[in-house]
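Just so we're on the same page: letters track the sequence lines, and every chain starts at 1. Keep in mind that this is a model prediction, so the values were computed, not measured.
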There are 2 protein chains.
Amino acid sequence: MAPETSKARRKPRADSLRNREKLLAAASTVFGAGGGQASLEAVAREAGVGIGTLYRHFPTREELFEAVYRNEVDILHALAEELLREQVEPVTALQRWIHASVRLFATKKGMIEALQLATQASDELKTYSMDKMTGSIGMLIDRGVGDGTLRDDIGPEDVFRALVGIYYSQNQSGGPTAALRLIDVFVDGLRKR
Amino acid sequence: MAPETSKARRKPRADSLRNREKLLAAASTVFGAGGGQASLEAVAREAGVGIGTLYRHFPTREELFEAVYRNEVDILHALAEELLREQVEPVTALQRWIHASVRLFATKKGMIEALQLATQASDELKTYSMDKMTGSIGMLIDRGVGDGTLRDDIGPEDVFRALVGIYYSQNQSGGPTAALRLIDVFVDGLRKR
DNA sequence: TGATAAACGGAGGGGTCCTCCGTATATTAT
DNA sequence: ATAATATACGGAGGACCCCTCCGTTTATCA
């Protein structure tokens with residue numbers, strides 16, 4: 001009983017799921033280091049699986065890109081939830097989250113370029129990540145607004161836009177440290193005074 | 001006597017020069033069709049020379065790109081001179097030249113992208129092509145201004161910028177015919193009234 | 001008409017892409 | 001537990017590409 005959609009299916013094999021995770025992680029580091037056009041065989045090697053397994057999971061390079069990207073976004077979302085659960089003080093929570101996201105994407109520069117340029121990132125992906133990101137930010141600032149530590153006239157989208165701006169400025173000059181400094185200034189400005 | 005700079009050198013071999021031209025032409029068509037990351041072996045095949053010869057002439061992919069690009073720019077410059085020499089009526093001359101340039105670059109889309117993105121096009125190249133292009137345009141409009149068929153308040157740079165704008169708009173939507181139509185409108189606007 | 005500097009071609013080592021299929025294993029049914 | 005089988009796995013293999021190296025050919029020059 002309870003087939004997902006039709007034709008009672010087995011449940012997915014555990015090793016398959018495991019390998020998928022391994023591939024995602026490997027792709028993240030390999031693309032991060034070697035740019036978006038790094039060898040897929042290198043990814044498989046790093047993941048410790050056969051090349052065939054990689055191709056079964058991600059038939060095209062673009063699909064792998066997309067999956068990795070989605071994964072990063074999901075990780076950030078999970079982090080936001082964790083920060084909330086742990087009752088971290090709102091301003092520091094927000095600060096930590098933003099730092100994490102900057103660091104995460106800073107290393108993925110090449111990958112992001114590849115994504116945008118090569119595949120023109122499907123609209124679906126764009127809205128997906130947009131929603132997740134603003135959602136995460138929203139959760140974090142709401143708490144701060146609630147307890148009066150953060151101003152209430154700045155929406156999640158505004159913060160997100162500011163972030164994107166900083167990603168870019170950082171890609172050009174100054175390196176990641178400069179960006180993180182700017183972040184701190186920005187977050188400080190979000191405090192209610 | 002008369003060594004070019006020092007150490008009396010032989011003059012370059014004729015076959016070498018010929019092959020260089022063949023390679024340039026081949027690269028132009030191959031990159032035009034298959035995008036900027038097309039195989040260099042394909043270029044050599046198309047040119048009918050060995051792969052070794054290609055690498056001797058252009059040690060890196062970027063050097064080949066640059067050379068092809070310079071070559072296209074030079075061709076357009078030569079076309080401008082020819083139109084002048086043949087005393088073609090100024091407005092039609094300008095129109096023809098612009099059409100030619102749009103067509104030439106329209107097929108080279110991938111190549112141009114590759115140039116800009118991959119190698120960040122050396123400043124020297126940029127100013128070189130800028131000068132050549134505005135120079136060509138300058139020659140053509142000067143004649144028109146001289147005989148009173150073209151307005152005299154538009155500089156070559158303005159025309160060039162308009163062109164670039166049209167290259168881009170065309171790359172997105174409508175295809176090359178739409179661009180050519182826009183060109184006609186634009187050139188018509190350049191007429192003295 | 002040599003001599004010889006210069007250029008040519010392409011084999012070869014190393015790498016990547018992607019497919020295909022025999023083998024191994026997780027699930028499910030008994 | 002165990003057998004049956006749907007799934008997933010790994011990696012060999014064919015095709016292509018990069019780039020170097022070097023024996024052979026050829027255009028120049030004396």
**OP:** Start with the C-alpha distance between B:His99 and B:Asp184, add both sets of side-chain angles, then the distance that settles side chain to side chain contact (heavy atoms under 4.5 Å, CB included), and finish with yes or no.
**Re:** CA-CA 9 Å; B:His99 275 220; B:Asp184 290 342; 2.9 Å; yes
Subject >> Worked check of side-chain hydrogen bond (donor to acceptor under 3.5 Å, both in side chains) between B:Gln95 and B:Thr92 >> reply: CA-CA 5 Å; B:Gln95 199 162 30; B:Thr92 16; over 6 Å; no
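- Considering only side-chain atoms of A:Ile51, the nucleotide from C:dT28, D:dG11, C:dA11 that sits closest is D:dG11.
- Near DNA chain C, defined here as any heavy-atom distance below 4.0 Å, there are no residues from residues 39-48 of chain B.
- Taking atom CG of B:Leu64 as the reference point, atom C1' of D:dC18 lies 14 Å away to the nearest angstrom.
- The separation between A:Phe31 atom CZ and C:dT16 atom P is 13 Å, rounded to whole Å.
- Minimum interatomic distance between A:Arg20 and A:Ala67 (heavy atoms only, all atoms of both residues): NH2-CB, 4.5 Å.
- Under the 6.0 Å cut-off for aromatic ring centres, A:Phe31 and A:Phe65 qualify, their centroids lying closer than that.
- If you measure from atom NZ of B:Lys11 to atom P of C:dA5, you get 19 Å, rounded to the nearest angstrom.
- Residue A:Arg61 is classed as a sugar-phosphate contact, given heavy-atom separations below 4.0 Å to backbone atoms only.
- Salt-bridge check for A:Asp158 with A:Arg161: passed, with a basic side-chain N closer than 4.0 Å to an acidic carboxylate O.
- Checking each of B:Leu190, B:Thr149, B:Asp142, B:Leu140 against B:Pro90 for a side chain to side chain contact (heavy atoms under 4.5 Å, CB included) leaves exactly one that passes, namely B:Thr149.
- Under a 4.0 Å N-O distance rule, the pair B:Glu81/B:Arg85 does not qualify as a salt bridge.
- The interatomic distance linking B:Leu54 (CG) with D:dC18 (P) rounds to 9 Å, in whole Å.
- Using a 4.5 Å cut-off on side-chain heavy atoms (C-beta onward), A:Asp152 and A:Lys192 make contact.
- A straight line from OH of A:Tyr55 to C1' of D:dG13 spans 14 Å, rounded to a whole angstrom.
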**OP:** Heavy atoms under 4.0 Å is the rule here; annotate nucleotides 3-9 of chain D 5' to 3' with B where the base is hit, S where only the sugar-phosphate is, and - elsewhere.
**Re:** --BBBSB
